[in-house]
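What follows is a single structure, written as structure tokens, with notes after it.
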2 protein chains.
Amino acid sequence: MPTKSSPHPSTRARPLPAARRERASDVRTAGAPAAVTFRPIHTRRAFEEICARIREQLALGVLKPGDKLPAERDLAQQLGVSRNVLREALRSLEMAGVLRLQKGVKGGAFVQAGDTSRMNVVMRDMLSLGTISVRELSEARVHVLELGVRLACANARQSDIEALEANVERTDLATREGRLLDRVECAREFYKLLAEASGNKVIAMIMDSVTEIHMRFVYAKVASSGVAMAGLVERRRKFLAALRERDVSAATRLMRGHLGAVQRMLEQDPGAMSLQVALAEMQPGMRP
Amino acid sequence: MPTKSSPHPSTRARPLPAARRERASDVRTAGAPAAVTFRPIHTRRAFEEICARIREQLALGVLKPGDKLPAERDLAQQLGVSRNVLREALRSLEMAGVLRLQKGVKGGAFVQAGDTSRMNVVMRDMLSLGTISVRELSEARVHVLELGVRLACANARQSDIEALEANVERTDLATREGRLLDRVECAREFYKLLAEASGNKVIAMIMDSVTEIHMRFVYAKVASSGVAMAGLVERRRKFLAALRERDVSAATRLMRGHLGAVQRMLEQDPGAMSLQVALAEMQPGMRP
DNA sequence: AATTATTAAATGGATCACCCATTCAATGGA
DNA sequence: TCCATTGAATGGGTGATCCATTTAATAATT
């Protein structure tokens, strides 16, 4: 007998793994060697199961943004798992932007309103891991923004256009005062507002995800070289005029021209910046 | 004195939290009340710090797909954190598709090649949380696929087209043999192949993410009603002919028409299916 | 009575010390 | 040569314990 009070009887309650293989108990006949198809699945672990269950409750609408999950100690007991493994699941969901964990009495795990910036994280990871290339991302950006411009011409509300105009004014001010980095921040906001003007949050999310990293590069380029696009504000004004007139072809043409010019600026003297460094600095929520 | 051997001296080594507030130690002057700007940051927790550091190593190229991280016990010691909290971080990164954890000797945490399907998960979460609507997703899908078709016409290689033709043959066979659900699977594969034919992995990833959930609906619809699109194979053949001829306008027109027809099929008798159920069943890797 | 400290409880954050199951290389015998 | 056994490394998981933060209830003070 061990010295401790044998805290791990193998027969302890563990309801979770019992429900693992709902999908695996399929048509497989008695003696047949499972034909050609092998299930590529790895044994499902407790924390995956927990994540899946919570996501299921979200999908079913049982859990909605603002709702609070039971306290860790209670929920762990309900699920028949240790608090540690429950936390692994909760943390994963927090990283995924689904939950927010808050300390203190009246704290707990709260369901969050969907954070559209999670897609940016995915895009960043794909770039870090070399699954996609900068070239592909830039090319995709041109196409996605062109689509965004078309939709904005069709759907932009008056308030969207006014927000864009206000942004261009800020850009103008930053330009005249020589605040180059603020100007980059304005540009970032410009694309964000343009995405909203598309009138479709899915498209907006996609536009943001292909723009965020790009703006990082621009920021790094401007910060290191001190140079910046000439005539930016004028081009923005022209573009906004086309948008206001719902002139798709003019707006598209102007946007395409601008993106090309930015691209050329980025590509000259490429040694001055590094994908690696720009990506590595992008970890937290970037600058506010 | 507590009964145990006081295992938690407050002075224990904990190097991580010491480096927390790199950003907070900013220009704040002595007596001034921090002006207007409040840092919106919540105190960074150990597991976030660990995730950020590993992602940083990925971004810098120090860690590449296939690389193995130190064993949990070693890495925890290196970072000065407990094994549990390290695991919270590793699990989060595994959920994000960045790592794969493997048991056994010679096991460990391996950096994965980027998993483009992570974007699908984000899209699903956004839908579950009500951040985006089915209507927005459907609309976005039409636009994104139109873009995909344009790119496929421009970039599809011979092998892409052949893969699509083989897919249509399988679809034809499934249709003639009355295997409706297999036919849906073929359709899923069709869009996957079309995405690849676009020649841009970013665009392909986006196309997949807006298509996956949609195909779930189609699957549920077909499974519950037993009806399916008439003339699907013929339309696919026409589309492929246009793609082969690089006829953008014809291909676009055919795709748009098809998407509209599918949409009408889905919308008739809407009571037969439920967003909630379709989403909830989508948890694992879907059917192989 | 109003205000301000104080206290106590609930909760997430983190640690430690285990134990189990799996995997695979090394070992050794048939 | 081949196959079974063994054992160490590793991730998977548990439970007990303590810390830090937050909030509400309570007590003390003005």
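Each chain gets a letter, A, B and so on, in the order the sequences are listed, and its residues count up from 1.
Of the listed nucleotides (dA14(C), dT15(C), dT23(C)), dT23(C) has the atom at the smallest distance from the side chain of Val105(B). Distances from the side chain of Lys103(B) to the nucleotides dT23(D), dA14(C), dA21(C) place dA21(C) closest. Distances from the side chain of Leu101(A) to the nucleotides dG12(C), dG12(D), dT14(D) place dG12(C) closest.
Between the CG atom of Asp74(B) and the C1' atom of dT10(D) there is a distance of 10 Å, rounded to whole Å. In this entry the distance linking CD of Glu72(A) with C1' of dA10(C) reads 12 Å, nearest Å. For the pair Gln102(B) CD and dG12(D) P, the computed distance is 10 Å after rounding to whole Å.
Arg170(B) and Glu189(B) are joined by a salt bridge, as a carboxylate oxygen and a charged side-chain nitrogen come within less than 4.0 angstrom of each other. Look at Arg118(A) and Asp125(B) and you find no salt bridge, because none of the NZ, NE, NH1 or NH2 atoms lies under 4.0 Å from a carboxylate O. The pair Glu94(A)-Arg45(B) counts as a salt bridge, with a side-chain nitrogen and a carboxylate oxygen less than 4.0 angstrom apart. Remark: Glu185(B) engages Arg188(B) in a salt bridge, criterion side-chain N to carboxylate O under 4.0 Å.
Put simply, the side chain of Arg45(B) and the base of dG12(C) share no donor and acceptor less than 3.5 Å apart. Side-chain atoms of Arg100(B) and base atoms of dG11(D) include no donor and acceptor less than 3.5 Å apart. Between the side chain of Arg73(B) and the base of dG11(D) there is at least one donor-acceptor pair of N/O atoms closer than 3.5 Å.
Residue order along DNA chain C, read from the 5' end via each residue's closest nucleotide, puts Lys106(A) first among Lys106(A) and Asn84(A). Taking for each of Gly104(A) and Val85(A) the nucleotide of DNA chain D with the nearest heavy atom, the 5'-most of the two is the partner of Val85(A).
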